[in-house]
Asks: 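Let me give you the structure first, and then I'll get to my questions.
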Amino acid sequence: MSLRGRLAPSPTGVLHLGNARSFLLAWLDVRARGGSLLLRIEDLDGPRVKRGADQAAIEDLRWLGLDWDEGPVYQRPRLPAYQAALQELAGRGLAYPCCCSRKDVERAASAPHAGDEGPVYPGTCRGRWPDAAAARDETGRDPCWRFAVPAAEELEVPDRFTGARRWRVAEELGDFVIWKRDGEPAYQLAVVVDDSAQGVTEVLRGDDLLPSAARQTLLYRALGAPPPSFAHLPLVVGPDGRRLAKRHGDTTLRSFREGGTDPAELCGWLAALSGLAPSGSRRLPADLVSGFRLDRVAAAPAVWSGPGR
Ligand code: GLU
């Protein structure tokens, strides 16, 4: 299988320096090894999707100097593929309808970034109903669907950056949502169906998604598809050690761009943050390809303290 990575922005807001660093490193990691890239717009995130955010993300990525060989591919037109995967899992008794609280279900809508991952589901609805209709009849609610994780299992998930991590599947992950109550696929299922169908072999993203890699590995296995190679990197944090956010000032690419920063300057900051170039360097993504190696990226969290520092 040829090496293939993806850039997968969610059109739920504008790109900031933290997203840009992950995209830059995902791009470099694939380009430096001669692989191809796909741009996938993850537009299944229901109410959080903002009109025009897909085009804005595309413009920002291009402005930064990133490119791709295929896409943008959107998720919404692929609903039948996710539906088929759900049916397959349900048909084999690997997924079950669940009528537990709405809050729990909504948390499955997006990639569960740090802080919004729900508690491990205790399995309350496992084995309660044969199908969604029975669940609906008894509770009057639309069920979500959960993947029934294999009990008493330890799963080892390799990672090219953090090294392998072992997960106690039942205690640490629990039965997770693969289909939401509102009738849409959850992130975990959609991403596995897509990466698999789209031939993605390399997934590089923030380490807030490490537990998702374990969940996704279980889904790959259940669907009989090989998992991609994962690499999870530390998120960009502010000087206070907290994940980059509004309190650290406006770090959206848009604001830098409109304020006259040029892409080589911004990409230079990202390279410096990652230990790939001395601070104050100007670099375009293409300038960083030769000699790029994932193990040269600094393992410590990338601290952003403002331009030029
Ligand atoms: N669209 C997802 C996000 O923004 C990507 C998650 C992934 O890389 O699997 O978090």
Side-chain angles (χ1 to χ4, degrees), residues 4-30 35 37-50 53-58 60-61 64 66 68 71-76 78 82 85 106-117 157 159-162 173 176-178 180 184-220 223 225 227-236 243-245 251-253 294:
R4 187 165 167 82
R6 38 72 155 187
L7 308 176
S10 293
T12 51
V14 288
L15 299 190
H16 56 75
L17 282 178
N19 311 121
R21 174 176 120 109
S22 298
F23 290 133
L24 171 66
L25 295 174
W27 184 91
L28 284 171
D29 184 47
V30 167
L37 278 147
L38 167 82
L39 176 71
R40 183 169 70 229
I41 305 288
E42 304 210 319
D43 60 338
L44 281 178
D45 200 349
R48 296 182 57 226
V49 168
K50 296 202 176 66
D54 54 341
Q55 284 310 321
I58 292 171
D60 283 349
L61 292 170
L64 187 60
L66 302 181
W68 43 90
V73 176
Y74 287 75
Q75 291 184 312
R76 189 147 296 284
R78 295 185 28 76
Y82 312 128
E106 274 172 357
R107 270 192 287 258
S110 318
H113 291 286
D116 56 19
E117 197 145 354
V157 183
D159 189 292
R160 290 176 52 233
F161 196 74
T162 63
L173 305 171
F176 55 92
V177 176
I178 55 172
K180 298 182 288 160
E184 303 231 320
Y187 158 74
Q188 305 290 2
L189 184 68
V191 83
V192 165
V193 169
D194 284 348
D195 281 338
S196 170
Q198 293 160 1
V200 170
T201 62
E202 312 300 309
V203 168
L204 184 153
R205 58 194 178 190
D207 63 9
D208 53 334
L209 290 172
L210 260 175
S212 291
R215 296 190 170 98
Q216 290 161 20
T217 300
L218 293 170
L219 288 177
Y220 278 105
L223 292 166
S229 126
F230 290 111
H232 290 86
L233 279 82
L235 296 173
V236 179
R243 184 182 174 168
L244 207 59
T251 66
T252 60
L253 297 203
L294 193 57

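Start at 1 and go down the list; that is how both ligands and their atoms are numbered.
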Asks: Tell me whether D29 is salt-bridged to R160, with the criterion being a basic N under 4.0 Å from an acidic carboxylate O.
Replies: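 Looking at R160 together with D29, the answer is yes, because their closest N to O distance falls below 4.0 Å.
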Asks: Under 4.0 Å from a heavy atom of L209: which atoms of ligand 1 are those, numbered in the order shown and with their elements?
Replies: 6 (C), 7 (C)
Asks: Taking the side chain from T201 and the backbone from R4, do they hold a donor-acceptor pair closer than 3.5 Å?
Replies: yes
Asks: Hey, does the side chain of R78 reach the backbone of V73 with a donor-acceptor pair shorter than 3.5 angstrom?
Replies: no
Asks: From the options A190, S10, G13, A26, select the one whose nearest heavy atom is closest to atom 3 (C) of ligand 1.
Replies: S10
Asks: If you count the atoms of ligand 1 from 1 in the order shown, which ones are under 4.0 Å from a heavy atom of Y187?
Replies: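 That gives atoms 6 (C), 7 (C), 9 (O) of ligand 1.
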Asks: Starting at CG of L219, measure out to CZ of F176 and round the result to the nearest 0.5 Å.
Replies: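 The distance works out to 4.0 Å.
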Asks: Which atoms of ligand 1 sit under 4.0 Å from any heavy atom of R6?
Replies: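 So the answer, numbered in order with elements, is 7 (C), 8 (O), 9 (O).
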Asks: May I ask you to identify, for V203, whether its side chain, its backbone, both or neither come under 4.0 Å of ligand 1 on a heavy-atom basis?
Replies: neither
Asks: Under 4.0 Å from a heavy atom of V191: which atoms of ligand 1 are those, numbered in the order shown and with their elements?
Replies: 9 (O)
Asks: Going by heavy-atom distance to atom 1 (N) of ligand 1, choose the closest among Q188, E42, R205.
Replies: E42
Asks: For L61 and W27, run side-chain contact (heavy atoms from CB on, under 4.5 Å): C-alpha distance rounded to whole Å, both residues' side-chain angles, the deciding distance at 0.1 Å, then the answer.
Replies: CA-CA 11 Å; L61 292 170; W27 184 91; over 6 Å; no
Asks: Among I41, V49, D43, L39, exactly one meets side chain to side chain contact (heavy atoms under 4.5 Å, CB included) together with D54. Which residue is that?
Replies: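 Answer after filtering I41, V49, D43, L39: I41.
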Asks: Of all the heavy atoms in Q216, does at least one lie under 4.0 Å from an atom in ligand 1?
Replies: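 Distance cut 4.0 Å: Q216 fails for ligand 1.
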